[in-house]
Amino acid sequence: MLTTSASVRFTVWTNAMLTGACDPDTAALKILGDDVGHHVVGVAGHPEPATLPVALNLLRAAGTKQAHLALPVPGDPIGLAGPPTFNEAALESGEAVLLTGPELGLVPSYVGPAVQWTVLPATSPLPADFGEADRGLRLALIDAAESLADLDVARWNPEVADALIDIRKIGRGKGDDLAPGYEPRAVKTAATARRCLAIADAALADDGAAVTGAEADARRRTLLALAAAARRALVAACAPPSSL
């Protein structure tokens, strides 16, 4: 689930390292999170799988200036700019990190509580428009709250319904912070986006209380629109701080 995506952690803590807000060992520890291990395959000058601290040092030495998040899905390749080989790998994973400078991308593969990152050539994306993405998420939240209330979603899962309808509760959870150097607005938007992605993921597991095909389609369209807005907002919120 993208609320705990390794690519989110890799992006924001790499940027923190690049700004001098933390050292590579601290960044590696934060990227690891609750996982048992991360290894990076394909780092130039290191033929064997590298540990996170080694990989971060090597990538910084290779000229990495910024890290960007990508959260692509079929039909919406948010954060990707090519080439096709990297895009295909990122789409299959549903997430990736792009490094400006060496023009590299890292794609994670999850194996139980462990992650293997594969380094591939990648084109840096265009800068994300944070203001537009933030407004898009707010509008999607309002639309989701109204649409799902009209569909009486509370009959199938009151907890998810409450989270969607009571927007004020979204984005206030513990553990939603980004890395040092990110502005409070970005932190709040990232937290909201993570919650929305978790809600959409849970709600799309079935058709809920929908009793007709039209209701099920309307509900699904609303949730997919919320997830798309959340992905865009999270990518924009995790963009390099202005100091990079």
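No hydrogens, no waters, no symmetry mates; every other heavy atom, side chains included, goes into these values.
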Inset, instruction - Please report the closest heavy-atom contact between Val8 and Arg194, naming both atoms and the distance. - result: CG1-NH2, 3.1 Å
Inset, instruction - Can you measure from CG (Leu226) to CG (Leu137) and round to the nearest 0.5 angstrom? - result: 7.0 Å
Inset, instruction - State, to 0.1 Å, how close Ala96 and Val107 come at their nearest heavy-atom pair, and which atoms those are. - result: CB-CG2, 4.2 Å
Legend entry - Summary of side chain to side chain donor-acceptor pair (under 3.5 Å) pairs that have at least one residue in residues 42-58, sequence neighbours excluded: Asn57-Arg60
Legend entry - Single-linkage hydrophobic cluster Val119~Leu98, side-chain heavy atoms < 4.5 angstrom: no
Legend entry - Donor-acceptor side-chain pairing of Trp117 and His39 below 3.5 angstrom: no
Inset, instruction - Verify, without hydrogens or angle tests, whether Asp143 (side chain) and Leu139 (backbone) share a donor-acceptor contact under 3.5 angstrom. - result: no
Legend entry - Smallest separation among heavy atoms of Gly79 and Pro125, with atom names: O-CB, 3.6 Å
Legend entry - Under 3.5 Å side-chain donor-acceptor pair for Thr100 and His68: yes
Legend entry - Side chain Tyr110, main chain Ala6, donor-acceptor under 3.5 Å: yes
Legend entry - Side chain to side chain, Trp13 and Cys22, heavy atoms closer than 4.5 Å: yes
Legend entry - Check: Asp35 side chain, Gly37 main-chain N or O, donor-acceptor pair, under 3.5 Å: no
Inset, instruction - Give a yes or no on whether Leu32 and Val41 share a hydrophobic cluster (residues Ile, Leu, Val, Met, Phe, Trp, Tyr; joining criterion: side-chain heavy atoms under 4.5 Å apart). - result: no
Legend entry - Flag for Glu103-Thr123: side-chain donor and acceptor within less than 3.5 Å: no
Inset, instruction - Measure the spacing between CZ of Arg9 and OG1 of Thr11 and express it to the nearest 0.5 Å. - result: 11.0 Å
Inset, instruction - State, to 0.1 Å, how close Leu178 and Cys238 come at their nearest heavy-atom pair, and which atoms those are. - result: CD2-SG, 4.2 Å
Inset, instruction - Provide the closest heavy-atom pair for Leu99 versus Pro102 in the form atom of the first, atom of the second, distance. - result: O-CD, 4.0 Å
Inset, instruction - Heavy atoms only: give me the nearest Asn15-Pro240 pair and the separation to one decimal. - result: ND2-CA, 3.6 Å
Inset, instruction - List the steps, then state whether side chain to side chain contact (heavy atoms under 4.5 Å, CB included) holds for Leu52 with Phe10. - result: CA-CA 10 Å; Leu52 277 175; Phe10 199 112; 3.9 Å; yes
Inset, instruction - Under the side chain to side chain contact (heavy atoms under 4.5 Å, CB included) rule, what do Asp76 and Arg231 come out as? Steps first, then yes or no, please. - result: CA-CA 10 Å; Asp76 188 17; Arg231 284 194 304 274; 3.5 Å; yes
Inset, instruction - Say whether, by atom type as modelled, one donor and one acceptor occur between the side chain of Glu95 and the main chain of Ser7 under 3.5 angstrom. - result: yes
Legend entry - Cationic N near anionic O, under 4.0 Å, Arg232 to Asp134: no
Legend entry - N/O donor-acceptor pair under 3.5 Å between Ser93 side chain and Pro108 backbone: yes
Inset, instruction - Group every Ile, Leu, Val, Met, Phe, Trp and Tyr by side-chain heavy-atom contacts under 4.5 Å, then state whether Phe130 and Val235 land in the same group. - result: no
Inset, instruction - Enter the distance from Ser5:OG to Leu197:CG here, rounded to the nearest 0.5 Å. - result: 9.5 Å
Legend entry - Interatomic distance, Thr192 atom OG1 to Leu141 atom CG [nearest 0.5 angstrom]: 7.0 Å
Inset, instruction - Please check if Leu120 and Leu106 belong to a single hydrophobic cluster, counting links between Ile, Leu, Val, Met, Phe, Trp and Tyr side chain heavy atoms closer than 4.5 Å. - result: no
Inset, instruction - Could you grab the distance from atom OG1 of Thr26 to atom CG of Asp23, nearest 0.5 Å is fine? - result: 3.5 Å
Inset, instruction - Can you spot which of Val97, Thr19, Ile31 makes a side chain to side chain contact (heavy atoms under 4.5 Å, CB included) with Thr14? - result: Ile31
Legend entry - Shared hydrophobic cluster, Leu91 / Ile78 (ILVMFWY, side-chain heavy atoms < 4.5 Å): no
